[in-house]
2 protein chains.
Amino acid sequence: MRLSRYFMPVLKETPAEAQIASHRLMLRAGMIKQAGAGIYSWLPLGFKVLRKIETIVHDEQQRAGHIPMLMPTVQSAELWRESGRYDDYGKEMLRITDRHGRDMLYGPTNEELITDIFRSHVSSYRDLPLTLYHIQWKFRDEVRPRFGVMRGREFYMKDGYNFDVDRDSAIHAYNRHMVSYLRSYERMGLKAIPMRAASGPIGGDDTHEFLVLAETGESEVFYDAAITDLELGTRAVDYDDRAQCEAIVRKWTAPYARTDETHDEALFAQVPEAQRRSSRGIEVGQIFYFGTKYSEAMGATVTNDEGQVVPVHMGSHGIGVSRLLGAIIEASHDEKGIIWPEGVTPFDVGIVNLRQGDGDCDAACEALYGGLRAAGLDPLYDDRDERAGAKFASMDLIGLPWRITVGPRGLKNGVVELTSRRSGESEEVSAEAAIARIAEIYGQVRAAAMPS
Amino acid sequence: MRLSRYFMPVLKETPAEAQIASHRLMLRAGMIKQAGAGIYSWLPLGFKVLRKIETIVHDEQQRAGHIPMLMPTVQSAELWRESGRYDDYGKEMLRITDRHGRDMLYGPTNEELITDIFRSHVSSYRDLPLTLYHIQWKFRDEVRPRFGVMRGREFYMKDGYNFDVDRDSAIHAYNRHMVSYLRSYERMGLKAIPMRAASGPIGGDDTHEFLVLAETGESEVFYDAAITDLELGTRAVDYDDRAQCEAIVRKWTAPYARTDETHDEALFAQVPEAQRRSSRGIEVGQIFYFGTKYSEAMGATVTNDEGQVVPVHMGSHGIGVSRLLGAIIEASHDEKGIIWPEGVTPFDVGIVNLRQGDGDCDAACEALYGGLRAAGLDPLYDDRDERAGAKFASMDLIGLPWRITVGPRGLKNGVVELTSRRSGESEEVSAEAAIARIAEIYGQVRAAAMPS
């Protein structure tokens, strides 16, 4: 993309209403614009990252054998009365009355609707196991929305639901979700720690939250430092292999890691003192096994292999897709701006033309732009007629992990400057070498996305 | 995908509530399930087609230089009061009150919100031309929703908005939209005819609707048969070339083509009698140039190259993404079920195993399934333990354009049966030849999607 043809309205001033870094940086980088309290428009740069995160979530869910579908945002109140949650949910539920006076609501979650779909179409254990998921906009009418997309009212979320004939099979679904979530976060460049959680209004005893460590996190967290060394990396996972999934879950849940809601001082004291950590964390996902809570209330049953009619065992599993943008930025920024991990960066690399309008510089930039695109990369070329300082400031602010700077002096020596946003280090290389280097880096990102 | 692991709840009976073919077939093929009046859940097969259509629309909009973003579904009433449409819009607008008693609404369209974004960030002609678009769920509280996704209340739509410094530039944006829409419909296997339209509540004089011919269409249409012969095919379009875009628009708008709203008997009489056609049509898109209607009301101005402050010229341009599923099915089905065009089919090819559990048949099907996937294709393998008749009926119902049938008799002779859903014709070929043939067909579809 040529910046002169893009819409990326960066702000010089820090918006007064933004209290945390991610909110501030997303506004300043022209990624979002507030449309109402806790409601945002996703400007092109923000939308591009949102789609990348969505794509990673889709990939990893489908790799785990989970099936994508889509439920509507507006639901009728009827099903929620059946489960008993219509009255329980309180003021966070956005209630709507249509022109005929019917009670509806903007879905904050989808247990009722998915259970209704299941009971309408499935009646035999032979159709199980089944995990359906969707990524859809949801609404929770928070009293005091804040922190930008981290605690918005309209938010984009993946929620998935497993249906299994018994507890063992449902626990395997739970484990699949944990593994697929860990992989998703790793691909986003995030270290998210599974922590034993409290169940809240969805219900259920087995539940873990995934927390990203960041000073601005809403939860206090306590953990054994050993857990931050764990990494799935490129290991191949067979999601049909119960033992393998269980082993991974065991490994990731063995070290102590809890939020203030479930923290246990006595247990924590057993962690060697040098490894005890307390910090703050941002919740970016949660998985639940809640057994037959909804299936019993709503009559979602199957015939098992002995001919008995039994309620299905269910769980629900969420990833906050829009919230993840905020969490990634909280975990990865500096005083100049965002530092995107390669897995979710809106553009792979930025090109800064130090002397726009100079024939040689323009030609070199065009060749570089074409060469990067021919290599399957997605560059952002700052071809505006602006001072070098302004171009560097914009690039640092929007946080592309790599920058190639093209200027008259370098061109005389046949080199461009390749700079890492993360380390700040630069090296002078030929344009061809820069292209090859960037292609190699993103080739590794793609390879990690597709384990053998 | 193996059907035994998918969720595709086909129905044997025709649902009583469905009055038209697409609604009936989408319910029977397990593509959608009603969640409320005019509100649908998209089951996995339906969601897959929805995403394919969405992807084509994204592709073609970005090829035309238009920039994707995303506006929220819920909007505050304020901006609509500013444009004067809050009271005008009537009962079709779903009005919402939040917990603090603030007036909000579920967006039926986005002229106000996009104009607000524009005026907040753009003030110079140097940032123009600019076309922003999004694909988002919208809500119109129809009195009597019906015909499934064709006239639902919650629907998925692409809407785009161009901002230009003057009328000429805005007309070029209008032309770009017409060309990119024509290309989009062609890729979906649809013949959609641009017809001069009435402007309705959005306003503006220059407007065309795109209509797909189908008996169940809601509009009566009158046209010169010559227009149905026009095809863009694989011709390269340079969207920066005003003359080229205008020439295409001229060619497509020269033959008489109008809906009953704008029909002119005297003009129609000038069409040679042998070419006069009247029929019914389904609206699948509309483009508008409305000049400065919103920019004046809302103060969206730029400084032009003479230093004068002028209101921007705008247009808005919509494609009904969810509605298109219905339109495609209305235009392409028979008594057995849907017939998907290759460009939007949920799976590229179906594999029917005539004798599940037979060692040879199972092995041949597995090899075929693996071979098709290795060739970059997306097969659906019916590996259920069902009668051949039931498998054929399901495949015909869901309408994959190609089917490969594997049975013991054919395998003895080293052949499988390759069948076209459209023509019904079959031929016996080796499994390798079948894979090569299917790969060739979809290779052509992909090539048409990427003109030089």
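Just so we're on the same page: letters track the sequence lines, and every chain starts at 1.
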A.B. asks: Can you tell which part of B:Leu43 gets under 4.5 Å to a heavy atom of chain A, answering side chain, backbone, both or neither?
C.D. replies: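 It is both, since atoms from each part get that close.
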
A.B. asks: B:Arg5: which residues meet the salt bridge (Lys or Arg N to Asp or Glu O under 4.0 Å) condition with it, sequence neighbours left out?
C.D. replies: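 Per chain and number, B:Arg5 pairs via salt bridge (Lys or Arg N to Asp or Glu O under 4.0 Å) with A:Asp240.
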
A.B. asks: Could you tell me which portion of B:Val143 (side chain, backbone, both or neither) has an atom closer than 4.5 angstrom to a non-hydrogen atom of chain A?
C.D. replies: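 Both backbone and side chain.
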
A.B. asks: Is there a side-chain contact between A:Thr73 and B:Tyr106, using heavy atoms and a 4.5 Å cut-off?
C.D. replies: yes

A.B. asks: If we define contacts as heavy-atom pairs under 4.5 Å, which of B:Glu78, B:Lys48, B:Met104, B:Arg384 has the most with chain A?
C.D. replies: B:Met104

A.B. asks: Which atoms of B:Asp116 are under 4.5 Å from chain A, going by heavy atoms: the side chain, the backbone, both sets, or neither?
C.D. replies: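 Interface part for B:Asp116: both.
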
A.B. asks: Which members of residues 149-158 of chain B, sorted by number, sit under 4.5 angstrom from chain A on a heavy-atom basis?
C.D. replies: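 Result: B:Arg153, B:Glu154.
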
A.B. asks: Where on B:Ile96 is there a heavy atom nearer than 4.5 Å to chain A: the side chain, the backbone, both, or neither?
C.D. replies: side chain

A.B. asks: Check each atom of A:Leu50 against the heavy atoms of chain B and say whether the ones under 4.5 Å are side chain, backbone, both or neither.
C.D. replies: side chain

A.B. asks: Where on A:Phe7 is there a heavy atom nearer than 4.5 Å to chain B: the side chain, the backbone, both, or neither?
C.D. replies: both

A.B. asks: Which one wins on heavy-atom pair count under 4.5 Å against chain A: B:Trp42, B:Phe139, B:Tyr40?
C.D. replies: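 Ranked by contacts with chain A, first place is B:Trp42.
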
A.B. asks: If you round to the nearest 0.5 Å, how far is OG of B:Ser41 from CG of A:Leu113?
C.D. replies: 4.0 Å

A.B. asks: As an exercise, state the distance from CG of A:Asp98 to CD of B:Glu142, rounded to the nearest 0.5 Å.
C.D. replies: 12.5 Å

A.B. asks: Go through the atoms of B:Thr97 and report whether side chain, backbone, both or neither lie under 4.5 Å from a heavy atom of chain A.
C.D. replies: backbone

A.B. asks: Is there a side-chain contact between A:Val74 and B:Trp137, using heavy atoms and a 4.5 Å cut-off?
C.D. replies: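 No. Closest side-chain heavy atoms not under 4.5 Å.
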
A.B. asks: When only pairs under 4.5 Å are counted, which of B:His100, B:Met1, B:Arg95 shares the most heavy-atom pairs with chain A?
C.D. replies: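 Between B:His100, B:Met1, B:Arg95, the count favours B:His100.
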
A.B. asks: Could you state the interatomic distance from CD1 (B:Ile67) to CZ (A:Phe47), rounded to the nearest 0.5 Å?
C.D. replies: 12.5 Å

A.B. asks: Applying ring-ring contact (aromatic ring centres under 6.0 Å, His included), name anything that partners A:Tyr6, two or more places apart in sequence or on another chain.
C.D. replies: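 So A:Tyr6 forms a ring-ring contact (aromatic ring centres under 6.0 Å, His included) with A:Phe347.
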
A.B. asks: For residues 27-36 of chain A, which side-chain donor-acceptor pairs fall under 3.5 Å, sequence neighbours excluded?
C.D. replies:
unit_1, atom_1, unit_2, atom_2, d
A:Arg28, NE, A:Leu11, O, 3.2
A:Gln34, NE2, A:Gly36, O, 3.3

A.B. asks: Answer with side chain, backbone, both or neither: which region of A:His58 has an atom nearer than 4.5 Å to a non-hydrogen atom of chain B?
C.D. replies: side chain

A.B. asks: Taking side chain as everything from C-beta outward and backbone as N, CA, C, O, which of these in A:Leu130 sits under 4.5 Å from a heavy atom of chain B? Side chain, backbone, both or neither.
C.D. replies: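 The side chain, not the backbone.
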
A.B. asks: For the interface with chain B, which of A:Met71, A:Arg99, A:Met69, A:Lys91 has the highest count of heavy-atom pairs at distances below 4.5 Å?
C.D. replies: A:Arg99

A.B. asks: With only heavy atoms counted, which part of B:Leu79 is less than 4.5 Å from chain A, the side chain, the backbone, both or neither?
C.D. replies: neither

A.B. asks: Is any side-chain N of the basic residue among B:Glu54 and A:Arg51 closer than 4.0 Å to the acidic one's carboxylate O?
C.D. replies: yes

A.B. asks: What part of A:Met93 lies closer than 4.5 angstrom to a heavy atom of chain B: side chain, backbone, both or neither?
C.D. replies: neither

A.B. asks: Measure the spacing between OG of B:Ser76 and CD1 of A:Ile39 and express it to the nearest 0.5 Å.
C.D. replies: 8.0 Å

A.B. asks: Using a cut-off of under 4.5 Å on heavy-atom pairs, state which of B:Gln136, B:Glu92, B:Arg126 scores highest against chain A.
C.D. replies: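 So the answer, after comparing B:Gln136, B:Glu92, B:Arg126, is B:Gln136.
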
